Asks: 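This is the structure I want to talk about, given as structure tokens.
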Amino acid sequence: MDVTTDPSVPWLIAGLGNPGTEYAANRHNVGFMVADLLAERIGGRFKRAGKAQAQVVEGRIGPPGPGSRRVILAKPMSFMNVSGGPVIALRDFYKVPVANIVAVHDELDIDYGTLRLKLGGGDNGHNGLKSMTKAMGPDYHRVRFGIGRPPGRTQVADFVLKDFSAAERKELDYFVDRAADAVECLVIEGLERAQGTYNS
């Protein structure tokens with residue numbers, strides 16, 4: 001059986017970001033925002049994950065019964081550019097196949113609020129993905145949350161480490177909610193269905 005459809009196999013959902021209150025509202029931390037909302041939906045609170053440098057919530061998503069899926073929501077606490085280490089530690093501890101790992105992350109080359117879901121591929125210069133791919137190969141799922149390109153001559157590093165603009169914040173909750181929906185759809189109904197519904 002394809003592990004991604006076997007209800008006994010857990011999913012590891014890694015929201016990528018940087019730890020610390022000074023980064024909490026940054027564009028680069030939208031993965032944390034989605035993970036926080038998913039944790040709220042399943043009624044869980046993030047806690048330190050043993051030896052792994054991460055915070056986790058364990059629970060189930062989907063309808064009660066055989067249609068639900070066991071998930072581990074994770075926020076690596078190692079800083080973005082070394083996200084791979086905590087994700088690998090959680091993968092090994094929970095025995096999650098790479099195909100059942102989802103990275104939720106910001107994406108520069110997509111318009112703000114637009115989602116793209118895919119399996120595998122390159123890192124497109126994203127340091128969190130680069131670290132994950134170096135640690136375990138590229139064959140994990142990605143939920144890419146568009147943040148758009150920096151305006152004018154703004155450097156990419158400065159842009160991603162700044163908070164969303166006032167105009168962007170007006171729609172941010174809606175877009176984060178939609179991204180959380182997309183993660184749930186991916187886990188419960190599969191990539192093709194999630195792409196058809198949420199890729200725009």
Side-chain angles (χ1 to χ4, degrees), residues 2-6 9-20 23 26-36 38 49-57 69 71-111 114-150 155-161 179-180 182-187 190-192 194-195 198-199:
D2 180 352
V3 293
T4 61
T5 61
D6 183 345
V9 177
W11 285 76
L12 174 59
I13 315 298
L16 302 187
N18 287 310
Y23 300 107
N26 288 180
R27 293 181 177 92
H28 223 18
N29 270 42
V30 74
F32 276 16
M33 297 175 196
V34 175
D36 284 338
L38 286 166
K51 295 180 180 179
Q53 202 173 357
Q55 292 183 352
V56 299
V57 171
R69 295 289 183 270
V71 295
I72 299 98
L73 306 174
K75 296 194 295 186
M77 293 285 114
S78 58
F79 287 96
M80 179 69 85
N81 61 355
V82 285
S83 299
V87 173
I88 281 288
L90 294 171
R91 178 202 69 177
D92 292 347
F93 181 79
Y94 290 103
K95 298 178 172 56
V96 181
V98 172
N100 277 36
I101 295 174
V102 183
V104 185
H105 63 93
D106 58 305
E107 179 61 64
L108 285 161
D109 287 336
I110 302 174
D111 290 341
T114 299
L115 297 176
R116 293 277 194 281
L117 286 77
K118 69 174 186 174
L119 173 63
D123 57 59
N124 203 24
H126 192 286
N127 288 330
L129 298 184
K130 194 175 295 183
S131 178
M132 286 181 60
T133 296
K134 183 178 179 181
M136 62 185 181
D139 298 326
Y140 53 92
H141 287 85
R142 299 101 188 277
V143 174
R144 306 157 72 202
F145 187 110
I147 60 170
R149 299 296 303 184
Q155 294 294 310
V156 166
D158 294 334
F159 180 70
V160 300
L161 292 176
V183 172
E184 292 180 343
C185 184
L186 168 63
V187 170
L191 179 62
E192 188 173 340
Q195 286 176 324
Y198 294 98
N199 279 15

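Here the structure is a predicted model, which means the values were calculated and not measured.
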Asks: Quick one: do R144 and I110 satisfy side-chain contact (heavy atoms from CB on, under 4.5 Å)? Show the steps, please.
Replies: CA-CA 8 Å; R144 306 157 72 202; I110 302 174; 4.0 Å; yes
Asks: Give every residue pair that meets the side-chain hydrogen bond (donor to acceptor under 3.5 Å, both in side chains) criterion with at least one member in residues 72-83, sequence neighbours excluded.
Replies: D36-K75
Asks: Just so I know, are the side chains of P76 and V87 near enough to count as touching, which here means a heavy-atom distance under 4.5 Å?
Replies: yes
Asks: D92: which residues meet the side-chain hydrogen bond (donor to acceptor under 3.5 Å, both in side chains) condition with it, sequence neighbours left out?
Replies: none
Asks: When you compare the side chain of L108 with that of V160, does any pair of heavy atoms fall below 4.5 Å?
Replies: yes
Asks: Take V183 and L38 through the side-chain contact (heavy atoms from CB on, under 4.5 Å) test and state the conclusion after the steps.
Replies: CA-CA 9 Å; V183 172; L38 286 166; 3.8 Å; yes
Asks: Determine the minimum heavy-atom distance between L129 and A103, stating which atoms define it.
Replies: CD2-CB, 4.0 Å
Asks: Supply the atom-to-atom distance Y23 OH to F32 CZ, rounded to the nearest 0.5 angstrom.
Replies: 11.5 Å
Asks: For the atom pair CG (N127) and NE2 (H105), what is the distance rounded to the nearest 0.5 Å?
Replies: 12.5 Å
Asks: Is atom NZ of K118 surrounded by more than 12 heavy atoms (other residues, nucleotides or ligands) closer than 6.0 Å?
Replies: yes
Asks: State, with a plain yes or no, whether a side-chain heavy atom of V96 is found less than 4.5 Å away from one of W11.
Replies: no
Asks: Suppose we screen for side-chain hydrogen bond (donor to acceptor under 3.5 Å, both in side chains). Which residues come up paired with D106, at least two apart in sequence or across chains?
Replies: H28, H126
Asks: Establish, yes or no, whether the cationic atom of R27 lies under 6.0 Å from the six-membered ring centre of F159 and within 45° of the ring axis.
Replies: yes
Asks: Any non-hydrogen side-chain atom of R149 less than 4.5 Å from a side-chain atom of D109?
Replies: yes
Asks: For the pair N100 (side chain) and P10 (backbone), establish whether a donor and an acceptor sit closer than 3.5 Å, ignoring hydrogens and angles.
Replies: yes
Asks: If we only count heavy atoms from C-beta on, is the E107 to I147 side-chain gap below 4.5 Å?
Replies: no
Asks: Are any non-hydrogen side-chain atoms of P97 and V9 less than 4.5 angstrom apart?
Replies: yes
Asks: Go through the structure and list residues passing side-chain contact (heavy atoms from CB on, under 4.5 Å) with T133, not counting sequence neighbours.
Replies: P138, Y140, R142
Asks: Can you tell me how far apart CE (M132) and CE (M80) are? Round to the nearest 0.5 Å.
Replies: 10.5 Å
Asks: Between V156 and P150, what is the shortest heavy-atom contact and its length?
Replies: CG2-CG, 4.1 Å
Asks: Do we see a donor-acceptor contact under 3.5 Å between the side chains of N18 and N26?
Replies: no
Asks: Taking CZ in F79 as the centre, count heavy atoms belonging to other residues, nucleotides or ligands within less than 6.0 Å. Is the count above 12?
Replies: yes
Asks: Are L186 and V143 side-chain neighbours, meaning at least one heavy-atom pair lies under 4.5 Å?
Replies: yes
Asks: Donor-acceptor pair, distance only, cut-off 3.5 Å: does the side chain of Q195 make one with the backbone of L117?
Replies: yes
Asks: Tell me, with the steps shown, if V56 and Y94 meet side-chain contact (heavy atoms from CB on, under 4.5 Å).
Replies: CA-CA 11 Å; V56 299; Y94 290 103; 3.9 Å; yes
Asks: For M136 versus V98, what's the shortest heavy-atom pair and its separation?
Replies: O-CG2, 4.2 Å
Asks: For E184, what residues pass the side-chain hydrogen bond (donor to acceptor under 3.5 Å, both in side chains) criterion, not counting sequence neighbours?
Replies: R41
Asks: With heavy-atom distances below 4.5 Å as the criterion, would you say the side chains of I13 and I101 are in contact?
Replies: no
Asks: Any idea which heavy atoms bring I88 and A135 closest together, and the distance?
Replies: CG1-CB, 3.4 Å
Asks: For Y198, which residues count as a side-chain hydrogen bond (donor to acceptor under 3.5 Å, both in side chains) partner, sequence neighbours excluded?
Replies: none
